[in-house]
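One structure below.
Just so it is clear: chains get the letters A, B, ... in the order the sequence lines come, proteins before strands, and each one is counted from 1.
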Amino acid sequence: MELSLRELQGLLKRLIIAPDGVDAALMRVHRDGIDRLIVGGPALEVRQRLEIYANGYFRRLLDCLKEDYPATLAVIGEDAFRTLVSAYLAEHPSDSPSVLGVGRLLPEFIIRHPIASHLPFLGELARLERTLIEVFHAADAPALGAMDLQRVPAEAWPTLRLSLHPAAAMLDCEWPVDELLEPADRGRDCAPLEPRAVTIVVWRQNDEVYRRRVDRAERTALALIRQTATFGAVCEAVAPLLGASAADEIKSMLLRWLHAGLLWSGNNQKC
Amino acid sequence: MLDCALPSLGFGVGLRRDHYRSVLETRPPVGWFEIISENFMVPGGRPVRVLEQVRANYPIVMHGVSLSIGSADALDRTYLTALREMARRFEPAWISDHLCWTGVGGHNLHDLLPLPYTDEVVRYVAARIRQVQDFLGRPLLIENISSYLAFRVSEMEEWEFLRAVADEVDCGILLDINNVYVNAFNHRFDPKRYVDAIPPERVIQFHLAGHSDHGTYLLDTHDHPICPEVWQLYEYAVRRIGQRATLIEWDDNIPAFEVLSEAAEQARRRAAAALDGRPESDHGVES
Ligand SMILES: [Fe+2]
């Protein structure tokens with residue numbers, strides 16, 4: 001039996017990544033065919049040789065996803081995580097040159113997975129963990145500084161367009177999943193996690209990733225900035241949410257962003 | 001061709017995340033660092049900045065794990081472009097990857113899988129290595145892998161295949177001594193025969209690593225100290241091939257940086273002793 005290189009590699013791939021294991025996968029191919037392709041013995045049968053690769057494949061990617069999603073793992077436990085990852089890899093075999101990309105689609109997978117029916121917050125928790133990784137690796141760019149803004153003439157402020165830093169993200173969650181990120185909090189029973197809408201901003205400064213919740217006004221402002229609205233439009237939208245002290249509040253919000261490096265200096269159209 | 005064009009780097013270790021801080025703070029006296037190229041194919045952030053600082057003080061080599069040079073799939077242009085950009089930015093002494101396939105049908109198995117050792121595959125892989133070298137504008141070293149299965153269709157031994165590919169392309173070899181040892185056990189051959197068959201002028205670099213013993217087979221895990229038998233085979237290779245840039249690989253259960261740098265020092269001592277014609281050293285594993 002002569003197979004082309006593509007056929008041979010395709011067959012090996014199917015045997016190695018089969019979610020139900022090498023034995024079951026071998027039942028689906030011509031058993032004699034495999035023995036005519038791969039040298040067995042003396043110490044190991046062909047099936048055992050394939051299992052070395054299959055076990056290595058699954059363990060490697062499982063370890064990688066455990067590292068990427070430690071809180072998701074802690075909430076559901078080793079066994080359930082293993083089952084989840086097996087189902088995930090069956091649907092999304094890696095197409096990424098780096099293991100960093102393997103878990104990219106896990107949050108969306110969890111949201112559609114039956115596990116979400118009894119742990120409805122799990123997808124959001126995974127999405128937050130993925131965001132932390134993406135912000136950690138996001139592009140470097142100079143942050144907007146107070147000096148940059150001091151140079152903006154007063155008359156240009158209403159039409160000024162601020163930009164979010166590329167290493168900043170904002171997540172709207174229906175559950176306060178950030179409470180589950182700290183190892184000390186994970187041991188608790190998850191049942192008390194009540195649905196409560198929160199918005200979490202994740203950003204990077206000096207190579208460290210930070211996160212904090214933002215209130216409705218700040219969320220509105222950052223969402224508009226993300227859409228490249230003018231500063232005038234941002235003020236107009238948030239002022240009603242802040243009441244009498246709106247001007248001061250907006251100013252301290254802006255200082256907070258500058259201090260955290262949440263804004264990008266590269267794309268600010270000064271007028 | 002290549003050995004005179006490429007610098008001799010001495011003794012180095014793999015740059016791993018666990019050691020970023022200690023490498024930057026203490027600037028340890030190792031000759032060079034090898035990086036896993038794919039770990040730095042990210043838009044930005046700390047790893048890239050650490051690499052910039054490391055590169056300012058040491059030579060580096062970019063070692064890849066996803067080129068999949070033996071895959072039936074077309075070469076991944078996006079990946080190659082990222083590799084070329086990295087090389088322009090970090091100016092490695094050279095770039096290396098494995099003589100294997102890592103995926104097919106657009107999927108990456110994140111593992112190094114063996115090829116059938118046939119003339120047809122030699123020609124196929126050699127043509128692709130040439131394409132990669134042309135695209136990168138730099139030499140590519142090919143490394144022998146550990147394997148746990150072999151194909152009936154193979155027409156030659158693994159070392160003949162490695163040599164044939166390197167000869168066909170006229171490229172350098174990264175000879176992984178641990179992989180030779182692991183395969184010698186797994187496929188029942190004499191590891192010295194393998195070393196003897198590799199033309200010394202093709203070998204630009206050695207890898208040394210630890211493996212784990214599963215009784216009926218050895219698994220290339222890079223999570224153990226280098227075993228006495230692999231040290232002996234290294235000394236044999238240095239006598240047979242000569243001193244070459246040597247790198248300690250450690251990817252799992254990563255110990256303190258000092259354990260790695262001590263292994264690199266040990267490689268230096270053992271290589272020197274081997275070349276002096278002194279009797280093979282005590283073979284005790286230090287560390
Ligand atoms: Fe290696």
Side-chain angles (χ1 to χ4, degrees), chain A residues 1-14 16-17 35-46 48-57 60-61 63-64 89 92-102 133-141 166-167 204 206-209, chain B residues 36-50 64-68 70-73 76 78-79 82-83 101-116 118 120-121 124-125 147-154 185-188 214-217 219-221 252:
Chain A
M1 184 168 77
E2 276 277 318
L3 293 184
S4 69
L5 192 61
R6 176 168 296 285
E7 289 167 331
L8 179 67
Q9 291 176 346
L11 175 61
L12 278 180
K13 177 182 87 171
R14 287 199 300 282
I16 290 169
I17 72 175
D35 288 329
R36 263 182 272 151
L37 284 174
I38 296 171
V39 185
L44 294 167
E45 291 172 31
V46 169
Q48 293 170 304
R49 291 172 187 276
L50 290 165
E51 269 167 0
I52 295 171
Y53 286 100
N55 294 339
Y57 167 77
R60 195 171 302 113
L61 298 189
D63 285 351
C64 157
L89 291 175
H92 300 287
S94 171
D95 59 2
S96 155
S98 163
V99 285
L100 295 169
V102 174
I133 293 171
E134 278 166 7
V135 167
F136 181 76
H137 289 301
D140 296 306
R204 189 177 78 213
N206 298 327
D207 294 341
E208 296 289 334
V209 174
Chain B
I36 302 294
S37 310
E38 289 79 1
N39 291 352
F40 297 88
M41 284 182 181
V42 289
R46 179 157 186 256
V48 177
R49 195 139 23 261
V50 168
V65 293
S66 292
L67 178 61
S68 205
S71 171
D73 283 358
D76 182 343
T78 311
Y79 171 80
L83 202 60
W101 61 287
T102 59
V104 74
H107 296 140
N108 191 349
L109 303 184
H110 299 281
D111 200 357
L112 311 170
L113 292 123
L115 289 160
T118 66
E120 193 186 340
V121 175
Y124 175 72
V125 172
S147 66
Y148 314 100
L149 60 80
F151 300 104
R152 290 200 184 279
V153 73
S154 287
F185 182 93
N186 289 349
H187 303 295
R188 306 288 192 266
H214 288 247
T216 48
Y217 65 97
L219 193 63
D220 180 36
T221 41
D252 227 334

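- A/Ile52 touches chain B through its side chain: at least one heavy atom from C-beta onward sits under 4.5 Å away, while N, CA, C and O do not.
- Both the backbone and the side chain of B/Ser147 come within contact range of chain A, judged by heavy atoms closer than 4.5 Å.
- For a residue to count as touching a neighbouring chain, one of its non-hydrogen atoms must lie under 4.5 Å from one of that chain's; by this rule A/Leu5 touches chain B with backbone and side chain alike.
- The most heavy-atom pairs under 4.5 Å with chain A, out of B/Asp76, B/Thr102, B/Thr221, B/Leu113, come from B/Leu113.
- Top candidate by heavy-atom pairs under 4.5 Å with chain B, chosen from A/Leu100, A/Val99, A/Val135, is A/Val99.
- Contacts of B/Leu67 with chain A are absent, with no heavy-atom separation under 4.5 Å from either backbone or side chain.
- Using a 4.5 Å cut-off between heavy atoms, B/Leu83 makes no contact with chain A at all.
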Dump the intermediate steps for side-chain contact (heavy atoms from CB on, under 4.5 Å) on B/Asp220 and B/Tyr148, then the final yes or no.
CA-CA 10 Å; B/Asp220 180 36; B/Tyr148 314 100; 3.4 Å; yes

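- You'll find the side chain of A/Tyr53 reaches within 4.5 Å of the side chain of B/Leu149, heavy atoms only.
- Looking only at distances, a side-chain donor or acceptor of B/Tyr124 sits under 3.5 Å from a matching main-chain atom of B/Ser71.
- With a 4.5 angstrom heavy-atom cutoff, B/Asn186 touches chain A only via backbone atoms.
- A salt bridge between B/Asp111 and A/Lys13 is absent, with no side-chain N of the basic residue lying under 4.0 Å from a carboxylate O of the acidic one.
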Show your working on side-chain contact (heavy atoms from CB on, under 4.5 Å) between B/Phe151 and A/Leu3 and close with a plain yes or no.
CA-CA 11 Å; B/Phe151 300 104; A/Leu3 293 184; over 6 Å; no

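- Neither the backbone nor the side chain of A/Ala167 comes within contact range of chain B; no heavy atoms are under 4.5 Å apart.
- A/Val46 pairs in a side chain to side chain contact (heavy atoms under 4.5 Å, CB included) with only one of the listed residues (A/Val39, A/Leu37, A/Ile38), which is A/Ile38.
- The shortest side-chain heavy-atom distance between B/Ser68 and B/Asp73 does not fall under the 4.5 Å cut-off.
- With a 4.5 Å cut-off on non-hydrogen atoms, A/Val209 does not touch chain B at all.
- Formation of a donor-acceptor pair under 3.5 Å by the B/Arg152 side chain with backbone atoms of A/Asp35 is found in this model.
- Options A/Pro166, A/Ser94, A/Ala43, A/Ala139 differ in how many heavy-atom pairs under 4.5 Å they form with chain B, and the most are formed by A/Ser94.
- Remark: the backbone N or O of B/Trp101 is not paired with any side-chain donor or acceptor of A/Gln9 at under 3.5 angstrom.
- Listed options A/Ser96, A/Gly40, A/Gly10, A/Cys64 were ranked by heavy-atom pairs under 4.5 angstrom with chain B; first place goes to A/Ser96.
- There is a side-chain donor-acceptor pair under 3.5 Å between B/Tyr79 and B/Glu38.
- Looking at B/Leu115, only its side chain comes within 4.5 Å of chain A, counting heavy atoms on both sides.
- Contacts between A/Arg6 and chain B at a heavy-atom distance below 4.5 Å involve backbone atoms as well as side-chain atoms.
- Proximity to chain B (any heavy atom under 4.5 Å) is shown, for A/Leu89, by neither the backbone nor the side chain.
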